[in-house]
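Values below: every heavy atom of this structure, side chains too, minus hydrogens, waters and symmetry copies. Whatever order the structure lists ligands and atoms in, that order sets their numbers, starting from 1.
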Amino acid sequence: MQNIDANWRTPWLSGSEGPEKYLKNLLDYAVDAAMETTGSDACAILLVDERRQTLTLKSCKGLHGTAASAVRLPKGRGASWRIVREKKPVALSDVTSDPDFIPIPQAGEERYVSMMGVPILKDDECIGVLFVEDSEKREYTPEDVTDLEHVAKKYASSINAAWDFERLNEKTRSLSILNDLNHIVSATNNLQEIVNHLLYFTTELTCARTRIIWLTDESNEVLTKHFPESTGDDEWMAPVRNGIVTHVARTHETVRIDDIHSDNPFEGLDRVASTSVLCHPLVFENRVKGVLLLADRITGLGDYCVAFSGEEAQMVESLAQTAAQAISRVKVYQKLEKAVEDNQAKANELSILFQLGMAMQRTVSMDDLLRVILSCVTVGKGLGFNRAILFFLNETDGLLHGVMGLGPDTGDDANRIWADINHEFGEQPDLVQWLLNRDPYEIANSSFNALAKSLTIPMDGKNIVAQAVKTKTATCVKNLRSLTEQDYDLISKLNCQEFAVAPLVARNMHIGAILVDNSFNKKPITESDLKLLVRFAAPAAWGIENIKLVERLSVVNKEMLEIDRNMAQIERLSTLGEVSAEMAHEIKNPLVTIGGFARRLLRKMPSSKAEVKYASIIVQEVERLERLLRNTLDVSRMAPMKKENTDLNRLVREALDFYWRMLYEKSIQANYRLSPDLAPVFIDQAQIRQVVINLILNSIEAMSCDRHNTQKTITIETEPVKGDQEKALLKISDTGGGITERDFDNIFNPFFTTKPHGTGLGLPLCKKLIATHQGSMKIDNKLGVGVTFTITLPCCDLSKKFQ
Ligand SMILES: Nc1ncnc2c1ncn2[C@@H]1O[C@H](COP(=O)(O)OP(=O)(O)OP(=O)(O)O)[C@@H](O)[C@H]1O
Ligand SMILES: [Mg+2]
């Protein structure tokens, strides 16, 4: 035995290095001493970790320098663990003869044949192993063993103290990392950020090659998502999730595998690990929030992966606690945030419904109501869609007709109008009134409104909108592949990718639909957007239905008034009929006598006499009185009708041609637009001719006054009534300047005339004759331009038809 004591130095006496180098220096000295003492080719020291889970090679000579601190032997593995367990030396002249001996090629151990190892004991506890190796086969003597034991013993206390000190240092570093993590994750409520920090700090603490976190879903049960997602797609990871991860989540127990080749009860684990695994549940308040899986503790030896040390496992445990707490906090925060959002949406919704309710109470104009409805749907503080269109169902033609569209025409418009609305609306508590007054989309000039109004959608066709109305169900169109040709047609006209439709239903009847899109900001239409639209569509439909009722009521009211007026007129006419019949009888004979004598006087009198003038006045006035008498009798008398199929075109042409000379003299141009497709009308020819003549004369008279200086035109048109083959239209228009508003209300009153020689019975007679033909007469009066009388007459023998 050599006197080794003399050569041994105490590391902390060498002075220049700091305390963190103590262990390394100390171990290096011990290794030198062992090699010197035994004369071996290589020497190494392995130390047991605090939790007695791994043996780590801390210092060596004759092996690769990088092996120090890199090589780790998991518990129980190799001859070294046998030394730790049995606290007895091992001397092997041929290492291959011992099945426990597993050489580590990465450390350069392959070239050694013989090996001798002794425990490093401190107070009867084995804190490590000191071994030497020789490349030539060597039979170690008991003295060799004792020498090595002597070295181990000599250094044991110092190594123990320095090893404790290093571990303490390491622990402090880890705790400070954990502390940093704690601070960082408490500063954010973003789950993705927290996960990223966790993954980063895990690397700092453990040097694991693979790090994956799974999180539980809302119910805290199913593990839904793993991070980072680049670790593999879900299918590939499924065996890992269904195996070890689910096991850890269910049992709340950590699984630690030092070498999956010798000990792996979980299927699919080799997809993410090649040696060691540490799988930790993230548990907070006894509920699992996720699972952290670490695999392959990498070292400085390239691909050499080793088991996680006990200290690392302990740090991961602390990290898992921090993580679980942070994740739990974020989830609570997210729930709160969602609740706040929901409340905000509810408040918004209520406010919009309230505003709509107010609008429905206030407005009786359909146009205003439609604007309010569409504004509520599109304005940012309302439902917030970009554009909206209202369709009404017309039961007669079976089509949905676009009635109004609200939305910007271009992206620039969108930005400008929305900014304007947001800016100005801020101070306006009354959305409805503000929108009605402001008309931010200038609906009258809006091309989107024009487009909306041009849209028709067949109810019996295959398309989403009709389907939504028929089934009374709202739909959102996202999948363009499942659309029909009619849908594509609509989409291309609207130039949008996605839209939603909600039916308008009131009193269980289809009224129409409301269509919305987000074609400018491209915001996807969510389930909750659609729900809100449906909730909004219900009161909107009721509002529309109410206004329709009001409109119908006012039409009925007008009709009632008209009937009242007609009744009064009929009463007057019937009284007039009785009086006039008597008067006619009394006046007719003396008038004929007066007229006869006056005409005779006129013929006999020489034309030079001044009395000729008086006689001709008498003749003229008598003629006027005769006409008055005739008209009065026509209006009052119910002359029997002689109806026959008549060519209306011929009748009107003959009637107007009769007055060609008058037209010519008064420079009035006559225009005919007579439809060749007109079916014969079933009329009393004399009576309808009378009507046409009365109207022609009125027009000629209207264009005869001196102040009339525009082009004088009388136009007569005939055409079949659209959609009703059994009726014909007759229009007589002039450019006589129209009728003043004050006169207009009186023109059908008997004896109302604005002409010096008029009887005021022309139009009442026309009205009566048309009515007895079951026809109708409408007047389009354009003051300053002229009047158009439109008459409808039956085309076939209606009485026969209904027999
Ligand atoms: N085409 C028309 N343009 C302008 N005013 C018209 C026209 N037709 C009728 N009127 C107005 O209606 C009034 C009533 O017409 P109506 O034919 O009943 O009586 P009249 O023409 O005045 O008398 P009569 O028919 O006996 O000559 C007219 O006096 C005239 O003021
Ligand atoms: Mg007239």
Side-chain angles (χ1 to χ4, degrees), residues 565-566 568-570 572-573 576-577 580 583-584 587 591 620-637 652 655-656 658-659 662-663 666-673 686-717 729-772 775-791:
R565 281 229 312 258
N566 283 350
Q569 199 174 350
I570 285 167
R572 285 214 300 277
L573 284 178
L576 172 74
S580 56
M583 267 176 53
I587 298 169
L591 200 62
Q620 272 176 22
E621 286 302 301
V622 165
E623 270 175 9
R624 195 174 75 80
L625 282 174
E626 274 173 348
R627 194 157 56 87
L628 174 66
L629 207 59
R630 206 170 45 244
N631 276 350
T632 311
L633 282 172
D634 279 347
V635 174
S636 58
R637 207 169 43 191
V652 291
L656 188 61
F658 186 77
Y659 291 98
M662 202 189 277
L663 296 172
K666 293 178 184 288
S667 316
I668 296 172
Q669 190 183 325
N671 285 343
Y672 289 106
R673 275 188 228 135
Q687 292 185 356
I688 297 303
R689 187 178 297 112
Q690 188 61 55
V691 170
V692 174
I693 288 173
N694 282 359
L695 297 179
I696 290 173
L697 284 177
N698 277 351
S699 291
I700 293 176
E701 283 156 9
M703 292 187 283
S704 299
C705 64
D706 296 340
R707 66 189 151 80
H708 197 282
N709 50 10
T710 54
Q711 170 67 47
K712 299 175 188 177
T713 311
I714 179 159
T715 307
I716 303 200
E717 285 171 80
L729 272 191
L730 166 62
K731 287 187 189 175
I732 300 179
S733 356
D734 60 55
T735 56
I739 308 168
T740 65
E741 208 175 315
R742 204 183 41 169
D743 292 346
F744 192 78
D745 289 338
N746 296 315
I747 55 173
F748 286 107
N749 287 338
F751 306 115
F752 173 79
T753 180
T754 55
K755 301 164 194 170
H757 299 292
T759 66
L761 287 170
L763 285 180
L765 180 61
C766 291
K767 190 173 180 182
K768 183 185 155 189
L769 294 177
I770 296 296
T772 54
S776 65
M777 179 153 77
K778 273 193 333 193
I779 310 173
D780 183 12
N781 177 37
K782 289 200 176 76
L783 200 60
V785 181
V787 185
T788 301
F789 284 86
T790 305
I791 291 166

How far is [atom] from its nearest protein heavy atom, and which residue and atom is that?
atom	result
atom 3 (N) of ligand 1	Ala702 CB, 3.2 Å
atom 26 (O) of ligand 1	Thr759 OG1, 2.4 Å
atom 21 (O) of ligand 1	Lys755 NZ, 2.5 Å
atom 19 (O) of ligand 1	Gly760 CA, 3.4 Å
atom 14 (C) of ligand 1	Phe752 O, 3.5 Å
atom 16 (P) of ligand 1	Leu763 N, 3.7 Å
atom 22 (O) of ligand 1	Thr753 OG1, 2.5 Å
atom 12 (O) of ligand 1	Ile747 CG2, 3.3 Å

For atom 30 (C) of ligand 1, the option (of Thr788, Leu697, Thr754) bearing the nearest heavy atom: Thr754
Identity of the nearest option to atom 8 (N) of ligand 1, non-hydrogen atoms only, from Asn749, Leu765, Asn698, Ile693: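 Shortest heavy-atom distance from atom 8 (N) of ligand 1: Asn698.
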Distance, nearest 0.5 Å, that separates [atom1] of [X] from [atom2] of [Y]:
X	Y	atom1	atom2	value
Lys768	Gln687	NZ	CD	8.0 Å
Ile739	Thr754	CD1	OG1	8.5 Å
Phe789	Ile696	CZ	CD1	12.0 Å

Check: Phe752 and Leu763 side chains under 4.5 Å, non-hydrogen atoms: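 SC-SC contact between Leu763 and Phe752 ruled out.
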Side chain proximity check, Lys666 to Met703, heavy atoms < 4.5 angstrom: no
Proximity flag Pro764 to ligand 1, non-hydrogen atoms under 4.0 Å: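 In this structure, Pro764 qualifies as a contact of ligand 1 - some heavy atom is under 4.0 Å.
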Contact with ligand 1 for Gly736, non-hydrogen, under 4.0 angstrom: no
Sidechain-backbone polar pair: Asp734 side chain, Val787 backbone, donor-acceptor under 3.5 Å: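 Looks like yes, one N/O pair under 3.5 Å.
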Heavy-atom donor-acceptor pair, Thr735 side chain to Thr713 backbone, under 3.5 Å: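 Yes, the answer is positive, given that a donor and an acceptor are paired below the 3.5 Å cut-off.
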Those atoms of ligand 1 less than 4.0 Å from some heavy atom in Gly762: 16 (P), 17 (O), 18 (O), 25 (O)
Heteroatom test (N, O or S) for Asn694 near the Mg ion (ligand 2), limit 2.8 Å: no
Least distance between heavy atoms, Thr753 atom then Lys755 atom: OG1-N, 3.0 Å
Within 6.0 Å of CZ in Phe744, more than 12 heavy atoms from elsewhere: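 Yes.
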Lys782 and Asp780 ion-paired at < 4.0 Å: yes
Mode of Asp734 contact toward ligand 1 - side chain, backbone, both, neither (heavy atoms, under 4.0 Å):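 It is the side chain that touches ligand 1; the backbone stays farther off.
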Part of Ile739 within contact of ligand 1 (heavy atoms, under 4.0 Å): side chain
